[in-house]
Amino acid sequence: MPRLFGLSVRQILVGGIAATALFLVGATIFVLSGLYNVSASREHLDVTTWLLEVVRRQSIRTHSLAVGTPPPVSEGALRLGAVHYELGCAGCHGAPGRPPSKIQDAMIPSPPSFAEAASAWTPRQLYWIVLNGQKYTGMPSWLAPSRRDEVWPMVAFLTRMPDLDAAAYRRMAGPAEGRPAARPALGAQTVGLQVCARCHGAPGEDPPIAIVPQLSGQNQAYLLRSLQDYAEDRRPSGYMQLIAGMLDELEMRELAAAYAGAPAPRRPAPAPATDAGILRRGEIMARRGLPEKRVPACLACHLQAHNPAFPKILGLTADYIEQQLRLFRDGTRDTPTYGSIMRAVAQRLSDDDMAAVGAYLSAMPGRTP
């Protein structure tokens, strides 16, 4: 029988099995004994830190290989990503001109500066990190994983952030004092309205970001139901679920009343589309519908005098209208109340149909035709 270092194969196998068994027994005793200190007041052992870091980096690199090519992101979407970063991320990760919270120093591992992290990861890797979060780091996954259209604007902003100084960041994200540290208290000139105004504009004003809806003059019942749907996870949005989840019923009603009671700003109609045929098709869809596709007229339900639970859509931006129609069509926005109605309609529309009706409705300067 062949021998190695004077030991037979049998002896080597028996010795290996015995050593493995002893290691497992020792490891079990160590784990169950509670001797390893998991307190955040003490660093990991160097070998533990190294192992966790290697596993984390390789996991991100491997799983991000399945992420598709980053889509183009509009300036409005980029600004929306900046606002969300300010509200949900800057406290731990810091921002240009502002260090992170002191809580960061008491966390293990310490949250990295995203301005530095953006240089260390590719856009696809950042997308995977933002969408999925990371275990054992305090980094949460995106609140609405089905809203991947919201994640890419965050990634686009993160990749631009290293080039921003404090003033440029503030122009994109809004004032730091509007950031809610805990639950926003609502009422005139309060933090709650300031947070809403970052994206939607203050009551009576146009939104500063084109891809978000104008709320002033909107139906109060619709605004209240939307906040309730966000808070109760019936309507997905990583942006809105964060804010609505911090509101109680009274605060929701106050916000809905504040915006519904404000007059919609009167602004001049935008320049008509180059192709007048697009506006004409959009007008037909809005006023008459498309009988050949079994699509009802938009204004049959969405005029001011009709069901107050339906939103007013005249004057909303084309980008927002098209985005919401795509969400209905894809089944992402499919609440158990009225979402199923719009999903059935949107599934019968082509991208060109959505662009046409969006162009027409956005060109209507007032709330009534």
Side-chain angles (χ1 to χ4, degrees), residues 71-83 147-150 152-153 156 198-201 205-219 222-223 226 235-237 239-240 259 264-290 293 295-304 306 310-330 332-333 338-339 341-343 345-369:
V73 174
S74 68
E75 194 65 25
L78 187 70
R79 185 173 177 184
L80 197 59
V83 172
R147 291 298 305 275
R148 304 195 173 198
D149 59 301
E150 295 179 333
W152 280 118
R198 287 174 182 266
C199 299
H200 296 282
E205 297 179 355
D206 268 327
I209 302 176
I211 62 171
V212 300
Q214 177 179 292
L215 303 184
S216 297
Q218 186 57 267
N219 288 328
Y222 172 74
L223 293 177
S226 295
R235 182 173 173 180
S237 171
Y239 302 136
M240 285 302 303
Y259 276 100
R266 294 292 176 179
R267 59 188 184 278
T274 302
D275 186 354
I278 295 178
L279 281 179
R280 177 58 181 162
R281 179 167 179 78
E283 181 180 12
I284 291 172
M285 293 175 61
R287 294 177 178 274
R288 305 177 190 172
L290 299 175
K293 292 188 174 183
V295 173
C298 304
L299 299 182
C301 296
H302 292 282
L303 276 180
Q304 183 173 358
H306 293 164
F310 292 160
K312 304 171 187 177
I313 57 177
L314 293 173
L316 296 177
T317 66
D319 288 341
Y320 176 75
I321 292 171
E322 290 181 54
Q323 178 198 52
Q324 296 306 305
L325 287 173
R326 286 193 295 268
L327 293 176
F328 281 123
R329 182 178 63 187
D330 299 341
T332 303
R333 184 177 173 183
Y338 298 101
I341 299 175
M342 279 303 304
R343 183 180 184 185
V345 173
Q347 286 178 334
R348 299 166 190 158
L349 300 178
S350 67
D351 288 342
D352 289 342
D353 292 334
M354 294 179 183
V357 75
Y360 174 75
L361 293 172
S362 68
M364 300 297 291
R367 287 296 188 184
T368 56

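In what follows, every heavy atom counts, from backbone to side chain, and hydrogens, waters and symmetry copies are set aside.
Taking the six-membered ring for Trp and thresholds of 30 and 60 degrees, His200 and Tyr259 have ring planes more than 60 degrees apart, a perpendicular arrangement.
Lys312 places a side-chain N or O within donor-acceptor distance of the main-chain N or O of Gly217, the cut-off being under 3.5 Å. The backbone N or O of Ala286 lies less than 3.5 Å from no partner atom in the side chain of Tyr360, so there is not a single donor-acceptor pair. For Asp275 (side chain) and Gly277 (main-chain N/O), a donor-acceptor pair under 3.5 Å exists by modelled atom type. Not a single donor-acceptor pair under 3.5 Å links the side chain of Asp206 to the backbone N or O of Pro265.
Taking CG of Leu215 as the reference point, atom CG of Leu316 lies at 9.5 Å (rounded to 0.5 Å). Note: Ser362 OG to Glu322 CD = 8.5 Å, rounded to the nearest 0.5 Å. Taking CG of Leu80 as the reference point, atom CD of Glu150 lies at 7.5 Å (rounded to 0.5 Å). Atom CD1 of Ile211 and atom OG of Ser74 lie 5.0 Å apart (nearest 0.5 Å).
Between Gln323 and Asp319, the closest side-chain pair of non-hydrogen atoms is not below 4.5 Å. With contacts defined as side-chain heavy-atom distances shorter than 4.5 Å, the pair Val345/Phe328 does not qualify. When side chains are defined from C-beta on, Leu325 counts as touching Val357, because their heavy atoms get closer than 4.5 Å. Annotation: side chain of Met285 is in contact with side chain of Leu349 (closest heavy-atom distance under 4.5 Å). Between Lys293 and Ser350, the closest side-chain pair of non-hydrogen atoms falls below 4.5 Å. Using a 4.5 Å heavy-atom threshold, the side chains of Leu78 and Pro153 count as separate. Two residues are said to be in side-chain contact when any heavy atoms from C-beta on lie closer than 4.5 Å; Glu205 and Ser216 fail this criterion.
Closest non-hydrogen pair, Pro208 versus Gly201, comes out as CD-N, 3.4 Å.
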For this session: Run the numbers on Arg79 and Glu75 for side chain to side chain contact (heavy atoms under 4.5 Å, CB included), then give the verdict.
Result: CA-CA 6 Å; Arg79 185 173 177 184; Glu75 194 65 25; over 6 Å; no
For this session: Give the intermediate values and the outcome of side chain to side chain contact (heavy atoms under 4.5 Å, CB included) for residues Asp353 and Arg281.
Result: CA-CA 8 Å; Asp353 292 334; Arg281 179 167 179 78; 2.7 Å; yes
Practice prompt. Report the C-alpha separation of Leu279 and Glu283 in whole Å, then their side-chain angles, then the decisive distance to 0.1 Å, and conclude whether the side chain to side chain contact (heavy atoms under 4.5 Å, CB included) test is met.
Written response: CA-CA 6 Å; Leu279 281 179; Glu283 181 180 12; over 6 Å; no
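Contact check on Arg329 versus Asp351 returns a salt bridge, with a Lys/Arg side-chain nitrogen under 4.0 Å from an Asp/Glu carboxylate oxygen.
Arg333 is linked by a side chain to side chain donor-acceptor pair (under 3.5 Å) to Tyr222, Gln324, counting only residues two or more places apart in sequence or in another chain.
Around CZ of Arg288, the count of heavy atoms belonging to other residues, nucleotides or ligands within 6.0 Å does not exceed 12.
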